[in-house]
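Structure record follows, encoded as structure tokens.
The structure displayed is predicted, hence computed values, not measured ones. Position 1 is the first residue of the sequence, and the numbers go up from there.
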Amino acid sequence: MKLTFCGANRQVTGSSYLLEAGGLRMLIDCGMFQERKFLGRNWEPFAYTPAELDVVLLTHAHLDHVGLVPKLVSQGYSGHILGTAPTCELAELVMTDSGRIQEEDAAYK
């Protein structure tokens with residue numbers, strides 16, 4: 001078994017962990033970095049190839065745990081995204097709202 005810390009390592013946001021065991025590659029959370037000092041990390045390449053993941057597990061719907069899921073999908077992940085029903089429902093709202101705010105910020109700047 002191997003656990004790789006892909007985010008929330010030495011900082012608070014950007015929760016993301018790659019668990020590899022028995023041939024399975026599971027990403028636990030795919031969070032956005034929200035601390036100003038680390039915002040640039042949201043545009044860095046993932047530490048893994050998204051298309052090679054078997055499954056994504058969301059622990060809860062905070063942006064720092066789900067915010068980079070759209071990027072993950074746009075870069076080739078097409079598998080299942082697991083979470084409790086409330087987590088999945090809230091994650092969709094959180095990501096939609098975050099996208100709207102980012103579009104407004106880009107238009108303002």
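The shortest heavy-atom contact between Phe46 and Cys30 is CE2-SG, 4.1 Å. Heavy-atom minimum distance, Ser16 versus Gly31: CB-N, 4.5 Å. Shortest non-hydrogen contact noted between Ala47 and Cys6 is CB-SG, 4.4 Å. Shown here for Ser15 and Ala8, the closest heavy-atom pair between the two residues is CA-CB, 3.7 Å.
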Legend entry - Residues Leu27, Leu72; criterion side-chain contact (heavy atoms from CB on, under 4.5 Å); working and verdict: CA-CA 11 Å; Leu27 187 66; Leu72 186 74; 4.1 Å; yes

Inset, instruction - Check step by step if side-chain contact (heavy atoms from CB on, under 4.5 Å) holds for Arg41 and Gln11. - result: CA-CA 12 Å; Arg41 291 185 183 179; Gln11 72 276 344; 3.0 Å; yes

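Transitive grouping of hydrophobic side chains (ILVMFWY, heavy atoms separated by less than 4.5 Å) keeps Leu90 and Val56 in distinct clusters. Criterion: ILVMFWY side-chain heavy atoms under 4.5 Å apart, direct or through other members. Under it, Leu19 and Leu82 are part of a common hydrophobic cluster.
Residues meeting the side-chain hydrogen bond (donor to acceptor under 3.5 Å, both in side chains) test with Gln75, sequence neighbours left out: none. In terms of the side-chain contact (heavy atoms from CB on, under 4.5 Å) criterion, Glu89 has no residue partners (sequence neighbours excluded). Among residues two or more places apart in sequence or in another chain, the side-chain hydrogen bond (donor to acceptor under 3.5 Å, both in side chains) test is passed with Thr84 by Thr87. Scanning for side-chain hydrogen bond (donor to acceptor under 3.5 Å, both in side chains) contacts around Thr4 gives an empty result, with sequence neighbours left out. For the side-chain contact (heavy atoms from CB on, under 4.5 Å) test, residues two or more places apart in sequence or in another chain that qualify with Arg100 are Asp97, Glu104. Remark: Ala91 pairs with Leu58, Ala61, Val66, Met95 by the side-chain contact (heavy atoms from CB on, under 4.5 Å) rule, at least two apart or across chains. Partners of Glu92 under the side-chain contact (heavy atoms from CB on, under 4.5 Å) rule, at least two apart in sequence or in another chain, are Thr96.
Sorted by first and then second residue, the salt bridge (Lys or Arg N to Asp or Glu O under 4.0 Å) pairs involving residues 6-29 (not counting sequence neighbours) are Glu20-Arg25. Listed by first then second residue, pairs satisfying side-chain hydrogen bond (donor to acceptor under 3.5 Å, both in side chains) with a partner in residues 45-58 number zero, not counting sequence neighbours. The list of ring-ring contact (aromatic ring centres under 6.0 Å, His included) pairs with a residue in residues 60-90, not counting sequence neighbours, reads His60-His62, His60-His65.
Val12 belongs to no hydrophobic cluster with other residues, because no ILVMFWY side-chain heavy atom falls under 4.5 Å from its own, directly or through intermediates.
When each of Val94, Leu63, Val69 is checked for a side chain to side chain contact (heavy atoms under 4.5 Å, CB included) with Met32, only Leu63 meets the rule.
In this structure, the side chain of Lys71 engages the main chain of Asn42 through a donor-acceptor pair within 3.5 Å.
Using cut-offs of 30° and 60° on the angle between ring planes, the pair Phe5 and Tyr17 is perpendicular.
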